[in-house]
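Everything below concerns the one structure shown next.
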Amino acid sequence: MPDSLPVNPLVNGVSAQPVRFRGGGFTVKRHPWAALAAFAALLAVWEGASRLGLASPLFLPPPSAVGRALAGMVTDGSLWLNLKASLGRIAVGWVLGTLGGMLVGFAMGIFSTARAVGVPLVSAFFPIPKIALLPLFILWFGIGEPSKFATIGFGVFFPTVIATCSAIDSVPRNLIRMAQSFGLPWRSILRSIVLPGALPGILAGFRITASIALILVVAAEMIGAEYGIGAFVLMAGNLMQTDTLLAGVLVLSLMGLAIGTVLSLLERRLLNWR
Amino acid sequence: MRLLVSDLTHRYDDLTVLDGIDLALAEGEILAVIGPSGCGKSTLLGIAGGIVAPTAGSIRVEGEVPDGCLNPITFIFQDFALLPWRTVEDNVALVLEHHPLPAAERRERIEAGLRGMGLWEFRKALPKQLSGGMRQRVGIARALAVRPAMLLLDEPLSALDAQTRELLMDDFLELWRREKTTALYVTHNLDEALRLADRVCVLSRRPGRIREMVTIEEPRERRQEPSAQAHLAAVRERLWHLMKAEAQMADREIARA
Amino acid sequence: MTLARLTRRVLIATAGTALAAGTLMSVGMSAAQAQAPAQPLEKATVGVLALSSSGPIFIAKAKGYFEKEGLDVDLKMFTSAQQVPVAVTSGDADFGVTGLTAGFYNLASKGAVTIIAAQSRDEPGFPLSGYVATKAAYEAGLTKPADLKGKRIAITTVGSTFHYMIGILGQKYGFTVKDVTMVPLQDVPKMVAAFKGGQVDAILAPSTVSRQLAADGAGTIIGWAGDETPWQLGALFTAPKTIKDRRPLVEKFIRAYKTALAEYHAAFNGKDASGALVKGPGYDELLTIIADATKQKPEIVAGGLPYVDPQARLLVDDVVNQVKFWQSEGQVDKTLDPKSVMDLSFIGQ
């Protein structure tokens, strides 16, 4: 080593310096209050814009007007009446569509013949907008509750089939091989391996189908519904009562939030092994 | 239990992976199968265990099965194949569920398996809470719960780190000292073969044929002793020489393909 | 708007062609403009539905009555009655002509729109909306509109013109909307599906739909709303701000509108001594204009031409009744003064 090069300072200890920290950043930190604060700020700006006359209450009803409309729904009991009607329809329609979808999805996931028949059929029928079929549903199921169940049920059915079928595909084959190598009978493999192994995929499907059910309840209540959040929103729209409309939409999104929370709890309970 | 493989050939579509394999495993013998990747080691094991149907040839077993044997030919897997949603004890219980056993015996088998592998205090744990070595111990406990006559081990230590591998090899040695179970041990690791096997079968590159059958003269119990090292080094040298040539050619074939 | 739902499908199907027609019209306009002296025309837009009830507007445009007043009027086509007052509220259109719904009065109560002249009326002898009974209901005794009390009737939506028509039918025969089950089905295809499926006893539907159902043998027309309960079906309206800031524009627009209205009335609304409709002067020419603008066959248009007042006079009492009806139904703000929704100074009423 030539003498002209500087002597390593660490060796002779003359000017040892601390190593500069250069990690940091690019990590996710939790800010639990930030979302709440942003939400509150948004509401404040919105309300303020209305109060100052910057936004017409017709075009953008202020949160206070939406709140008043909501309070009105609570006091005259219509909220509960509408909520009950819609939740009933969602529950029945969703359960029917989910049961049917899981049955077909399992068949398609397990039997290759069922899959060969099912995949093109599902591909053909899934993208049909259910709203376009409403007149047909009226002819088939009438304008009572059955046609509303059918609208939601059909909407839920196809995504459930797809979710279930691919959930079964995602069950690790090595576990099935293992079970076979221990001589487990077919039914046991289905019950002990395939079913629990497909559960995460099926639950993920529930999240999607629950939102679909919520969207379709509005469509379903286009069919001569007297009560229901969807019917309520449609009516408010027809009557140009924008504050009531937003109150209904708020109830819908709160329903979505509630269903999402329930599903999260369910996932945490059932999938604690992940 | 003895295993007889005769003129075994297996093809996946146009690809021949095993070609004319003849093998005989004696009662209580441990045969290691080594060979380059893709030579059909795992396929051979799958065929031996009856979960892969061979294209041609036959595979037979003979001899007594031990008392209370529920699954004569039992696998131990490289990836452990544990159900992640079941606790340790329930993973072991799985392979007994379809057998009509008295509740007491069922409990006894599970407990014996878990205690034998030092897992008793972890019986309520989920697989995700265990280290790799502990998970494979669950796999072994599960295999022991059915009191197998023959073990088929498919690279059981390949997913583990070196230290854990050492510890589990000791476990295997202890197991074979106790149970004398016939075993077919597939590995690509020479040390495992040299520590555990009575004989080592070297497979050629694809299509897999038996290149050489090497017998390790030193008894298993004495292989750690200094006097055994010269013989083991010679065997290792020979095995490595055989493996190296096959592996190199296999690599070139893969590069050309 | 009575006919709004009927033609929605047709409209969607022919939206492209309608657009093309609009372009052609404007081309014609610019040619006319080129000949006129170099005085710039004042721009204005009017929101309409492609229905024969908008006929006077189509006539005023096609025959150049707006230009004579110095206006370059652009027609904006909408597919439902609801969208037109919304477009006027948002400033997308200066004027609008459509049927009067609860939604319209809610916009009026917020000071967004004001009625300035009449559009069409339901009048005796002008079949616009039919009460149709299903075969089964007819055989069971539903043979006249008064029998509708206690029955299930399919309508489009709550707050629609159909809803009001049932209301005034009840006022005439002594029942309220509570005495019937109104089944809101959003649009005509669903109404027809429910009717054909026997899910309702009757339907209140536009004339073409009513006649189609009768022709199919699915039901029997038991009456027409015009014969039973004449009322102010639609109106010409604008934003209060336009009246305040651009009064001369409104005056010019109304003058042109009234010219076309009178011509329309003379051609289509005349009756002979027996009460049958007779063709007036310019019948074929005006029918062709309307048929072109609505993209329908002339014979279809001829079967459903509504009555208009030649002076654009409004049935003020009926408009007041409408507001009160919606208020009693809880669908329009109770504090709305019915008189405040109209400014009839332009038509001198």
Side-chain angles (χ1 to χ4, degrees), chain A residues 50 53 55-62 65 68-69 72-73 75-78 82 129-148 150-151 218-228 230-245 248, chain C residues 4-5 9 80-86 88-91 101-113 152-163 181-201 203 218 239 241 326 329-333:
Chain A
S50 253
S56 146
L58 181 65
F59 284 56
L60 190 64
R68 261 198 305 283
M73 288 169 72
T75 42
D76 69 8
S78 64
N82 288 316
K130 309 304 168 273
I131 296 172
L133 293 180
L134 287 185
L136 217 51
F137 284 174
I138 292 171
L139 284 177
W140 293 345
F141 306 110
I143 53 172
E145 295 302 300
S147 59
K148 299 175 184 71
T151 309
V218 179
E221 288 173 358
M222 284 181 170
I223 313 172
E226 192 178 355
Y227 294 110
F232 180 83
V233 167
L234 285 170
M235 194 176 86
N238 286 332
L239 296 176
M240 286 310 296
Q241 293 171 338
T242 42
D243 46 358
T244 317
L245 175 83
Chain C
R5 307 293 171 175
R9 294 198 127 189
S80 88
Q82 239 201 86
Q83 297 164 352
V84 181
V86 173
V88 172
T89 305
S90 67
T101 63
F104 176 88
Y105 291 113
N106 273 320
L107 288 172
S109 79
K110 298 210 167 83
V113 285
R152 289 167 69 82
I153 310 167
I155 61 165
T156 51
T157 59
V158 170
S160 65
T161 51
F162 295 114
H163 184 165
T181 309
M182 278 186 303
V183 184
L185 290 164
Q186 310 306 324
D187 55 31
V188 167
K190 292 196 199 74
M191 286 163 68
V192 169
F195 184 86
K196 287 191 170 172
Q199 301 292 327
V200 290
D201 300 312
I203 192 173
K241 197 172 173 300
W326 294 124
E329 286 282 283
Q331 274 148 1
V332 167
D333 195 339

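Just so we're on the same page: letters track the sequence lines, and every chain starts at 1.
Listed for the C:Q199 side chain is no donor-acceptor partner under 3.5 Å among the backbone atoms of A:F141. Not one N or O on the side chain of C:T101 forms a donor-acceptor pair closer than 3.5 Å with the backbone of C:S160. C:D201 contributes a side-chain N or O that, together with a main-chain N or O of C:R152, makes up a donor-acceptor pair within less than 3.5 Å. Formation of a donor-acceptor pair under 3.5 Å by the A:N238 side chain with backbone atoms of C:G103 is not found in this model.
With chain C as the partner, the residue from A:E221, A:E226, A:M235, A:M240 showing the most heavy-atom pairs under 4.5 Å is A:M240.
For C:K110, the part sitting under 4.5 Å from any heavy atom of chain A is the side chain, from C-beta outward, and nothing else. In this structure, no portion of C:T181 lies under 4.5 Å from any heavy atom of chain A. For C:V192, no part sits under 4.5 Å from any heavy atom of chain A, backbone or side chain. Only the side chain of A:L234 has a heavy atom closer than 4.5 Å to any heavy atom of chain C. Residue C:A154: no heavy atom, backbone or side chain, is found under 4.5 Å from chain A. Interface residue A:F59: only side-chain heavy atoms are found under 4.5 Å from chain C. For a residue to count as touching a neighbouring chain, one of its non-hydrogen atoms must lie under 4.5 Å from one of that chain's; by this rule C:T89 touches chain A with backbone and side chain alike. Only the backbone of A:A225 has a heavy atom closer than 4.5 Å to any heavy atom of chain C.
Residues C:T157 and C:H163 are not in side-chain contact: their nearest non-hydrogen atoms beyond the backbone lie 4.5 Å or more apart.
Every residue two or more places apart in sequence or in another chain that forms a side-chain contact (heavy atoms from CB on, under 4.5 Å) with C:F195 is listed here: C:V132, C:T134, C:V200, C:I203, C:L213, C:A218.
Contacts classified as salt bridge (Lys or Arg N to Asp or Glu O under 4.0 Å) and involving residues 130-146 of chain A (residues at least two apart or in different chains) are given here: A:R89-A:E145.
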